[in-house]
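Working notes, structure below.
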2 protein chains.
Amino acid sequence: MPRAGLDTTAVVAAGAGLADEVGLTRLTMGLLAERLGVRTPSLYKHVGGQEDLVRRIAALAAVQAADAVGTAVQGLAGRDALAAALHAFRTFVVDHPGRYAATTGLEPTGPDDPTTLAAQRLFDVFRAVLRGYGLAESDTDHALRMFRSLCHGFATLEAAGGFQWSTDIDKSFEWLIAFTDRGLRTA
Amino acid sequence: MPRAGLDTTAVVAAGAGLADEVGLTRLTMGLLAERLGVRTPSLYKHVGGQEDLVRRIAALAAVQAADAVGTAVQGLAGRDALAAALHAFRTFVVDHPGRYAATTGLEPTGPDDPTTLAAQRLFDVFRAVLRGYGLAESDTDHALRMFRSLCHGFATLEAAGGFQWSTDIDKSFEWLIAFTDRGLRTA
DNA sequence: CACCTTTGGCTAATAGGAATAGCTTTTGGC
DNA sequence: GCCAAAAGCTATTCCTATTAGCCAAAGGTG
(Lines give C-alpha, C1' and ligand atoms only; values in the text may rest on other atoms or scores of the structure.)
Protein backbone atom coordinates (compact mmCIF):
# COMPACT_ATOMS: atom_id res chain seq x y z
CA MET A 1 0.00 0.00 0.00
CA PRO A 2 1.52 3.28 -1.12
CA ARG A 3 1.77 6.08 1.40
CA ALA A 4 -0.31 9.20 1.23
CA GLY A 5 2.54 11.39 2.40
CA LEU A 6 0.51 13.38 4.89
CA ASP A 7 1.73 15.57 7.66
CA THR A 8 0.09 17.75 10.27
CA THR A 9 -0.01 20.83 8.07
CA ALA A 10 -1.63 19.00 5.18
CA VAL A 11 -4.27 17.45 7.42
CA VAL A 12 -5.09 20.79 9.05
CA ALA A 13 -5.22 22.57 5.69
CA ALA A 14 -7.55 19.93 4.27
CA GLY A 15 -9.67 20.11 7.41
CA ALA A 16 -9.96 23.88 7.08
CA GLY A 17 -10.97 23.58 3.44
CA LEU A 18 -13.51 20.91 4.19
CA ALA A 19 -14.94 22.95 7.06
CA ASP A 20 -15.40 25.84 4.64
CA GLU A 21 -17.22 23.57 2.23
CA VAL A 22 -19.57 21.63 4.47
CA GLY A 23 -19.59 23.70 7.65
CA LEU A 24 -17.58 23.13 10.79
CA THR A 25 -20.33 21.20 12.52
CA ARG A 26 -20.43 18.67 9.71
CA LEU A 27 -16.67 18.25 9.62
CA THR A 28 -16.13 14.67 10.64
CA MET A 29 -12.95 12.68 11.01
CA GLY A 30 -14.28 10.10 8.58
CA LEU A 31 -15.14 12.69 5.97
CA LEU A 32 -11.73 14.30 6.27
CA ALA A 33 -10.01 10.93 5.99
CA GLU A 34 -12.01 10.13 2.88
CA ARG A 35 -11.06 13.48 1.39
CA LEU A 36 -7.41 12.68 2.00
CA GLY A 37 -7.69 9.16 0.61
CA VAL A 38 -6.90 7.52 3.90
CA ARG A 39 -8.67 5.57 6.66
CA THR A 40 -9.91 7.43 9.70
CA PRO A 41 -7.43 6.18 12.33
CA SER A 42 -4.51 7.33 10.20
CA LEU A 43 -5.40 10.92 10.95
CA TYR A 44 -4.50 10.36 14.59
CA LYS A 45 -0.87 10.04 13.56
CA HIS A 46 -0.95 13.73 12.66
CA VAL A 47 -3.45 15.40 14.97
CA GLY A 48 -4.38 14.61 18.53
CA GLY A 49 -8.07 14.28 17.83
CA GLN A 50 -11.02 16.32 16.75
CA GLU A 51 -10.61 19.00 19.37
CA ASP A 52 -6.96 19.39 18.56
CA LEU A 53 -7.81 19.55 14.87
CA VAL A 54 -10.29 22.38 15.43
CA ARG A 55 -7.77 24.30 17.52
CA ARG A 56 -5.21 24.00 14.76
CA ILE A 57 -7.72 25.09 12.14
CA ALA A 58 -8.51 28.08 14.34
CA ALA A 59 -4.85 28.99 14.60
CA LEU A 60 -4.49 28.73 10.84
CA ALA A 61 -7.54 30.92 10.32
CA ALA A 62 -6.25 33.56 12.72
CA VAL A 63 -2.92 33.72 10.96
CA GLN A 64 -4.53 33.92 7.54
CA ALA A 65 -6.99 36.58 8.64
CA ALA A 66 -4.21 38.64 10.17
CA ASP A 67 -2.23 38.35 6.94
CA ALA A 68 -5.21 39.33 4.80
CA VAL A 69 -6.08 42.34 6.92
CA GLY A 70 -2.45 43.34 7.35
CA THR A 71 -1.83 43.26 3.63
CA ALA A 72 -4.99 45.20 2.87
CA VAL A 73 -3.99 47.94 5.26
CA GLN A 74 -0.46 48.44 3.93
CA GLY A 75 0.31 52.07 3.25
CA LEU A 76 -3.12 53.33 4.29
CA ALA A 77 -4.20 55.40 7.26
CA GLY A 78 -7.30 56.87 8.83
CA ARG A 79 -10.57 56.12 7.17
CA ASP A 80 -8.95 54.35 4.23
CA ALA A 81 -7.18 51.97 6.55
CA LEU A 82 -10.36 51.42 8.53
CA ALA A 83 -12.40 50.62 5.44
CA ALA A 84 -9.73 48.36 4.02
CA ALA A 85 -9.37 46.44 7.28
CA LEU A 86 -13.08 45.91 7.71
CA HIS A 87 -13.54 44.87 4.10
CA ALA A 88 -10.65 42.45 4.22
CA PHE A 89 -11.91 40.89 7.42
CA ARG A 90 -15.44 40.51 6.15
CA THR A 91 -14.25 39.01 2.89
CA PHE A 92 -12.12 36.53 4.74
CA VAL A 93 -15.00 35.35 6.89
CA VAL A 94 -17.42 35.10 3.99
CA ASP A 95 -14.91 33.15 1.94
CA HIS A 96 -13.84 30.91 4.82
CA PRO A 97 -16.82 30.47 7.09
CA GLY A 98 -15.78 27.04 8.34
CA ARG A 99 -12.31 27.90 9.53
CA TYR A 100 -13.53 31.16 11.00
CA ALA A 101 -16.19 29.29 12.94
CA ALA A 102 -13.36 27.24 14.43
CA THR A 103 -12.01 30.38 16.07
CA THR A 104 -15.22 31.14 17.90
CA GLY A 105 -16.14 29.44 21.11
CA LEU A 106 -12.89 27.93 22.26
CA GLU A 107 -11.75 28.75 25.73
CA PRO A 108 -8.12 29.88 25.63
CA THR A 109 -5.89 27.36 27.32
CA GLY A 110 -3.17 29.82 28.19
CA PRO A 111 -0.97 32.66 27.01
CA ASP A 112 1.33 30.33 25.10
CA ASP A 113 -1.55 28.84 23.15
CA PRO A 114 -0.76 29.08 19.41
CA THR A 115 -4.29 30.25 18.74
CA THR A 116 -3.90 33.07 21.23
CA LEU A 117 -0.63 34.09 19.65
CA ALA A 118 -2.16 34.11 16.18
CA ALA A 119 -5.09 36.18 17.42
CA GLN A 120 -2.57 38.60 18.87
CA ARG A 121 -1.28 39.29 15.38
CA LEU A 122 -4.74 40.29 14.28
CA PHE A 123 -5.06 42.57 17.28
CA ASP A 124 -1.81 44.27 16.38
CA VAL A 125 -3.09 45.04 12.91
CA PHE A 126 -6.30 46.50 14.28
CA ARG A 127 -4.33 48.46 16.81
CA ALA A 128 -2.25 49.94 14.02
CA VAL A 129 -5.40 51.06 12.23
CA LEU A 130 -6.65 52.74 15.38
CA ARG A 131 -3.34 54.51 15.83
CA GLY A 132 -4.20 56.65 12.84
CA TYR A 133 -7.05 58.19 14.80
CA GLY A 134 -4.82 59.54 17.53
CA LEU A 135 -6.89 58.18 20.37
CA ALA A 136 -5.90 58.70 23.96
CA GLU A 137 -3.92 55.80 25.35
CA SER A 138 -6.74 54.99 27.76
CA ASP A 139 -9.24 54.71 24.92
CA THR A 140 -7.26 52.37 22.73
CA ASP A 141 -8.13 49.12 24.44
CA HIS A 142 -11.80 50.01 24.59
CA ALA A 143 -11.83 51.00 20.94
CA LEU A 144 -10.07 47.78 20.06
CA ARG A 145 -12.71 45.72 21.81
CA MET A 146 -15.48 47.68 20.19
CA PHE A 147 -13.86 47.22 16.83
CA ARG A 148 -13.47 43.53 17.36
CA SER A 149 -17.04 43.09 18.58
CA LEU A 150 -18.32 44.87 15.53
CA CYS A 151 -16.26 42.83 13.08
CA HIS A 152 -17.01 39.57 14.78
CA GLY A 153 -20.70 40.30 15.19
CA PHE A 154 -21.27 41.40 11.64
CA ALA A 155 -19.22 38.57 10.21
CA THR A 156 -20.85 35.81 12.22
CA LEU A 157 -24.33 37.11 11.60
CA GLU A 158 -23.72 37.36 7.88
CA ALA A 159 -22.06 33.95 7.71
CA ALA A 160 -24.98 32.40 9.59
CA GLY A 161 -27.50 34.01 7.28
CA GLY A 162 -28.71 36.02 10.24
CA PHE A 163 -29.60 39.10 8.24
CA GLN A 164 -33.04 38.20 7.11
CA TRP A 165 -34.83 40.90 5.33
CA SER A 166 -34.11 42.51 2.07
CA THR A 167 -31.97 45.58 2.65
CA ASP A 168 -28.65 45.35 0.83
CA ILE A 169 -25.97 43.95 3.11
CA ASP A 170 -23.15 45.69 1.24
CA LYS A 171 -24.83 49.04 1.81
CA SER A 172 -25.22 48.24 5.50
CA PHE A 173 -21.55 47.44 5.64
CA GLU A 174 -20.56 50.75 4.07
CA TRP A 175 -22.87 52.50 6.49
CA LEU A 176 -21.17 50.67 9.35
CA ILE A 177 -17.75 51.80 8.16
CA ALA A 178 -18.86 55.42 7.97
CA PHE A 179 -20.44 55.13 11.39
CA THR A 180 -17.28 53.75 12.97
CA ASP A 181 -15.08 56.30 11.29
CA ARG A 182 -17.31 59.12 12.56
CA GLY A 183 -17.35 57.76 16.07
CA LEU A 184 -13.60 57.31 16.21
CA ARG A 185 -12.89 60.78 14.86
CA THR A 186 -15.02 62.41 17.54
CA ALA A 187 -13.64 60.27 20.37
CA MET B 1 -43.39 3.17 37.93
CA PRO B 2 -44.70 6.66 38.76
CA ARG B 3 -44.77 9.20 35.98
CA ALA B 4 -42.47 12.16 35.83
CA GLY B 5 -45.18 14.42 34.44
CA LEU B 6 -43.04 16.03 31.77
CA ASP B 7 -44.16 18.04 28.79
CA THR B 8 -42.41 19.85 25.99
CA THR B 9 -42.07 23.13 27.87
CA ALA B 10 -40.54 21.48 30.91
CA VAL B 11 -38.03 19.56 28.79
CA VAL B 12 -37.01 22.66 26.86
CA ALA B 13 -36.71 24.74 30.02
CA ALA B 14 -34.55 22.11 31.67
CA GLY B 15 -32.47 21.86 28.53
CA ALA B 16 -31.93 25.61 28.50
CA GLY B 17 -30.90 25.58 32.14
CA LEU B 18 -28.55 22.71 31.63
CA ALA B 19 -27.03 24.37 28.57
CA ASP B 20 -26.34 27.44 30.70
CA GLU B 21 -24.64 25.30 33.31
CA VAL B 22 -22.46 23.01 31.26
CA GLY B 23 -22.32 24.74 27.88
CA LEU B 24 -24.41 24.03 24.83
CA THR B 25 -21.81 21.76 23.26
CA ARG B 26 -21.84 19.52 26.32
CA LEU B 27 -25.62 19.36 26.45
CA THR B 28 -26.41 15.75 25.76
CA MET B 29 -29.72 13.93 25.62
CA GLY B 30 -28.50 11.50 28.27
CA LEU B 31 -27.46 14.27 30.62
CA LEU B 32 -30.75 16.06 30.19
CA ALA B 33 -32.68 12.85 30.80
CA GLU B 34 -30.72 12.20 33.97
CA ARG B 35 -31.41 15.73 35.15
CA LEU B 36 -35.11 15.12 34.64
CA GLY B 37 -35.04 11.73 36.36
CA VAL B 38 -35.99 9.85 33.25
CA ARG B 39 -34.40 7.54 30.67
CA THR B 40 -33.05 9.01 27.46
CA PRO B 41 -35.65 7.69 24.98
CA SER B 42 -38.47 9.22 27.00
CA LEU B 43 -37.36 12.67 25.90
CA TYR B 44 -38.36 11.82 22.35
CA LYS B 45 -41.99 11.83 23.44
CA HIS B 46 -41.67 15.58 23.98
CA VAL B 47 -39.09 16.85 21.52
CA GLY B 48 -38.23 15.68 18.02
CA GLY B 49 -34.55 15.17 18.73
CA GLN B 50 -31.46 17.12 19.59
CA GLU B 51 -31.73 19.57 16.73
CA ASP B 52 -35.36 20.25 17.52
CA LEU B 53 -34.46 20.72 21.17
CA VAL B 54 -31.81 23.29 20.33
CA ARG B 55 -34.21 25.18 18.07
CA ARG B 56 -36.76 25.30 20.87
CA ILE B 57 -34.15 26.47 23.34
CA ALA B 58 -33.18 29.18 20.87
CA ALA B 59 -36.78 30.30 20.53
CA LEU B 60 -37.11 30.43 24.30
CA ALA B 61 -33.92 32.44 24.59
CA ALA B 62 -35.05 34.92 21.96
CA VAL B 63 -38.36 35.48 23.71
CA GLN B 64 -36.72 35.90 27.08
CA ALA B 65 -34.09 38.26 25.71
CA ALA B 66 -36.75 40.35 24.00
CA ASP B 67 -38.70 40.51 27.26
CA ALA B 68 -35.65 41.49 29.28
CA VAL B 69 -34.60 44.22 26.88
CA GLY B 70 -38.16 45.41 26.35
CA THR B 71 -38.74 45.74 30.06
CA ALA B 72 -35.45 47.52 30.63
CA VAL B 73 -36.29 50.08 27.99
CA GLN B 74 -39.77 50.95 29.28
CA GLY B 75 -40.27 54.65 29.61
CA LEU B 76 -36.79 55.57 28.45
CA ALA B 77 -35.58 57.29 25.31
CA GLY B 78 -32.39 58.40 23.61
CA ARG B 79 -29.15 57.59 25.33
CA ASP B 80 -30.89 56.21 28.40
CA ALA B 81 -32.84 53.73 26.32
CA LEU B 82 -29.72 52.79 24.41
CA ALA B 83 -27.72 52.18 27.56
CA ALA B 84 -30.53 50.22 29.19
CA ALA B 85 -31.03 48.03 26.12
CA LEU B 86 -27.36 47.23 25.75
CA HIS B 87 -26.95 46.50 29.44
CA ALA B 88 -30.00 44.26 29.54
CA PHE B 89 -28.87 42.34 26.51
CA ARG B 90 -25.37 41.86 27.81
CA THR B 91 -26.64 40.74 31.20
CA PHE B 92 -28.94 38.25 29.60
CA VAL B 93 -26.17 36.67 27.56
CA VAL B 94 -23.73 36.55 30.46
CA ASP B 95 -26.35 34.97 32.71
CA HIS B 96 -27.59 32.54 30.05
CA PRO B 97 -24.66 31.71 27.81
CA GLY B 98 -25.92 28.27 26.88
CA ARG B 99 -29.35 29.21 25.65
CA TYR B 100 -27.95 32.24 23.88
CA ALA B 101 -25.43 30.03 22.10
CA ALA B 102 -28.39 28.04 20.83
CA THR B 103 -29.56 31.07 18.89
CA THR B 104 -26.31 31.46 16.99
CA GLY B 105 -25.54 29.40 13.98
CA LEU B 106 -28.89 28.03 12.99
CA GLU B 107 -30.03 28.59 9.47
CA PRO B 108 -33.58 29.98 9.48
CA THR B 109 -35.99 27.47 8.03
CA GLY B 110 -38.56 30.00 6.94
CA PRO B 111 -40.54 33.09 7.88
CA ASP B 112 -43.00 31.12 10.02
CA ASP B 113 -40.20 29.59 12.08
CA PRO B 114 -40.92 30.24 15.78
CA THR B 115 -37.30 31.22 16.31
CA THR B 116 -37.52 33.80 13.56
CA LEU B 117 -40.71 35.20 15.04
CA ALA B 118 -39.13 35.46 18.48
CA ALA B 119 -36.09 37.19 17.02
CA GLN B 120 -38.45 39.61 15.34
CA ARG B 121 -39.66 40.72 18.74
CA LEU B 122 -36.11 41.59 19.74
CA PHE B 123 -35.66 43.56 16.53
CA ASP B 124 -38.77 45.54 17.27
CA VAL B 125 -37.41 46.56 20.66
CA PHE B 126 -34.12 47.66 19.15
CA ARG B 127 -35.98 49.50 16.44
CA ALA B 128 -37.93 51.38 19.07
CA VAL B 129 -34.71 52.43 20.75
CA LEU B 130 -33.37 53.73 17.47
CA ARG B 131 -36.54 55.67 16.84
CA GLY B 132 -35.51 58.00 19.63
CA TYR B 133 -32.57 59.18 17.54
CA GLY B 134 -34.74 60.41 14.70
CA LEU B 135 -32.75 58.67 12.00
CA ALA B 136 -33.70 58.94 8.37
CA GLU B 137 -35.88 56.06 7.25
CA SER B 138 -33.14 54.84 4.93
CA ASP B 139 -30.66 54.66 7.80
CA THR B 140 -32.79 52.66 10.19
CA ASP B 141 -32.14 49.19 8.78
CA HIS B 142 -28.43 49.85 8.56
CA ALA B 143 -28.33 51.15 12.11
CA LEU B 144 -30.30 48.15 13.27
CA ARG B 145 -27.82 45.76 11.73
CA MET B 146 -24.91 47.68 13.17
CA PHE B 147 -26.55 47.63 16.55
CA ARG B 148 -27.20 43.94 16.38
CA SER B 149 -23.68 43.17 15.21
CA LEU B 150 -22.26 45.12 18.09
CA CYS B 151 -24.45 43.46 20.71
CA HIS B 152 -23.93 40.01 19.32
CA GLY B 153 -20.21 40.45 18.85
CA PHE B 154 -19.55 41.84 22.29
CA ALA B 155 -21.77 39.31 23.98
CA THR B 156 -20.35 36.27 22.23
CA LEU B 157 -16.78 37.38 22.73
CA GLU B 158 -17.35 38.02 26.41
CA ALA B 159 -19.24 34.76 26.91
CA ALA B 160 -16.46 32.83 25.18
CA GLY B 161 -13.82 34.48 27.34
CA GLY B 162 -12.47 36.10 24.22
CA PHE B 163 -11.36 39.30 25.91
CA GLN B 164 -7.99 38.26 27.12
CA TRP B 165 -6.00 41.00 28.66
CA SER B 166 -6.58 42.96 31.74
CA THR B 167 -8.51 46.11 30.88
CA ASP B 168 -11.83 46.26 32.70
CA ILE B 169 -14.62 44.86 30.55
CA ASP B 170 -17.31 46.95 32.23
CA LYS B 171 -15.42 50.10 31.36
CA SER B 172 -15.11 48.94 27.77
CA PHE B 173 -18.82 48.39 27.68
CA GLU B 174 -19.57 51.88 28.94
CA TRP B 175 -17.16 53.24 26.36
CA LEU B 176 -18.99 51.26 23.69
CA ILE B 177 -22.32 52.72 24.75
CA ALA B 178 -20.97 56.25 24.62
CA PHE B 179 -19.41 55.54 21.23
CA THR B 180 -22.65 54.25 19.79
CA ASP B 181 -24.68 57.09 21.21
CA ARG B 182 -22.27 59.61 19.70
CA GLY B 183 -22.33 57.94 16.33
CA LEU B 184 -26.10 57.75 16.22
CA ARG B 185 -26.57 61.36 17.23
CA THR B 186 -24.35 62.60 14.43
CA ALA B 187 -25.88 60.30 11.84
C1' DC C 1 -67.03 0.96 39.24
C1' DA C 2 -65.31 -1.45 34.90
C1' DC C 3 -63.44 -0.36 30.35
C1' DC C 4 -60.70 1.34 27.01
C1' DT C 5 -58.07 4.72 24.61
C1' DT C 6 -54.32 7.80 24.89
C1' DT C 7 -50.18 8.97 26.64
C1' DG C 8 -45.68 8.75 28.77
C1' DG C 9 -42.57 5.93 30.43
C1' DC C 10 -39.53 1.75 29.87
C1' DT C 11 -36.01 -1.91 27.77
C1' DA C 12 -33.68 -3.51 23.80
C1' DA C 13 -31.53 -2.74 19.66
C1' DT C 14 -29.45 -0.06 15.65
C1' DA C 15 -26.34 3.22 13.67
C1' DG C 16 -22.62 6.22 13.33
C1' DG C 17 -18.64 8.76 14.85
C1' DA C 18 -14.41 9.26 17.93
C1' DA C 19 -10.74 7.12 19.64
C1' DT C 20 -7.35 3.27 20.94
C1' DA C 21 -4.55 -1.11 20.36
C1' DG C 22 -1.69 -3.53 17.96
C1' DC C 23 0.07 -5.26 13.49
C1' DT C 24 2.56 -4.27 9.03
C1' DT C 25 4.98 -1.90 5.63
C1' DT C 26 7.37 1.81 3.88
C1' DT C 27 11.09 5.16 4.41
C1' DG C 28 15.44 7.11 5.36
C1' DG C 29 19.84 7.05 7.71
C1' DC C 30 23.82 4.26 8.31
C1' DG D 1 21.50 -4.43 2.84
C1' DC D 2 19.96 -3.41 7.91
C1' DC D 3 17.19 -1.29 11.29
C1' DA D 4 14.63 2.06 13.88
C1' DA D 5 11.00 5.31 13.32
C1' DA D 6 6.99 6.79 11.05
C1' DA D 7 2.65 6.16 8.66
C1' DG D 8 -0.63 3.38 7.20
C1' DC D 9 -4.07 -0.43 8.10
C1' DT D 10 -7.82 -3.63 10.51
C1' DA D 11 -10.29 -4.72 14.49
C1' DT D 12 -12.31 -3.14 18.52
C1' DT D 13 -14.30 -0.24 22.19
C1' DC D 14 -17.05 3.40 23.83
C1' DC D 15 -20.33 6.89 23.66
C1' DT D 16 -24.33 9.29 21.90
C1' DA D 17 -28.45 9.81 19.09
C1' DT D 18 -32.33 7.57 17.57
C1' DT D 19 -35.97 4.01 16.63
C1' DA D 20 -38.99 -0.09 17.68
C1' DG D 21 -41.98 -2.06 20.35
C1' DC D 22 -43.83 -3.21 24.99
C1' DC D 23 -46.44 -1.86 29.25
C1' DA D 24 -48.46 0.85 32.80
C1' DA D 25 -50.76 5.01 34.30
C1' DA D 26 -54.42 8.67 33.65
C1' DG D 27 -58.51 10.04 32.46
C1' DG D 28 -62.85 10.08 30.14
C1' DT D 29 -67.25 7.31 29.33
C1' DG D 30 -70.76 3.63 29.98
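Just so you know, these numbers come straight off a predicted model, no measurement behind them. As a basis for the values below, the full set of heavy atoms in this structure was taken, side chains included, without hydrogen atoms, waters or symmetry mates. Chain letters run A, B, ... following the sequence lines, proteins first, then strands; residues in each count from 1.
Linking Ile, Leu, Val, Met, Phe, Trp and Tyr whenever their side-chain heavy atoms come within less than 4.5 Å puts A:Phe179 and B:Val129 in one cluster.
For the pair B:Arg90 and B:Phe173, the distance from NZ or CZ to the six-membered ring centre is under 6.0 Å and the angle to the ring normal is within 45 degrees.
For the residue pair A:Leu184 and A:Ala143, the shortest heavy atom distance occurs at CD2-CB, 4.3 Å. The nearest pair of heavy atoms linking B:Val38 to B:Ala4 is CG2-CB, 3.9 Å.
Judged by distance alone, the side chain of B:Arg182 and the main-chain N or O of A:Gly183 form a donor-acceptor pair under 3.5 Å.
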Checking A:His46 against A:Thr8 for the side chain to side chain donor-acceptor pair (under 3.5 Å) test, could you report, in this order, the C-alpha distance in whole Å, the side-chain angles of both residues, the deciding distance, and whether it holds? CA-CA 5 Å; A:His46 305 290; A:Thr8 303; 4.8 Å; no
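Within residues 5-22 of chain B, the residues having any heavy atom closer than 4.0 Å to DNA chain C are, in order of number, B:Gly5, B:Leu6. Using a 4.0 Å cut-off on heavy atoms, the residues of residues 23-50 of chain A that approach DNA chain C are A:Thr28, A:Met29, A:Gly30, A:Pro41, A:Tyr44, A:Gly49, A:Gln50, listed by number.
You'll find the side chain of B:Thr103 stays beyond 4.5 Å of the side chain of B:Thr115, heavy atoms only.
Distances from the side chain of A:Ala4 to the nucleotides C:dG9, D:dA25, D:dG8 place D:dG8 closest.
Heavy atoms of other residues, nucleotides or ligands lying less than 6.0 angstrom from CD of B:Glu34 number 12 at most.
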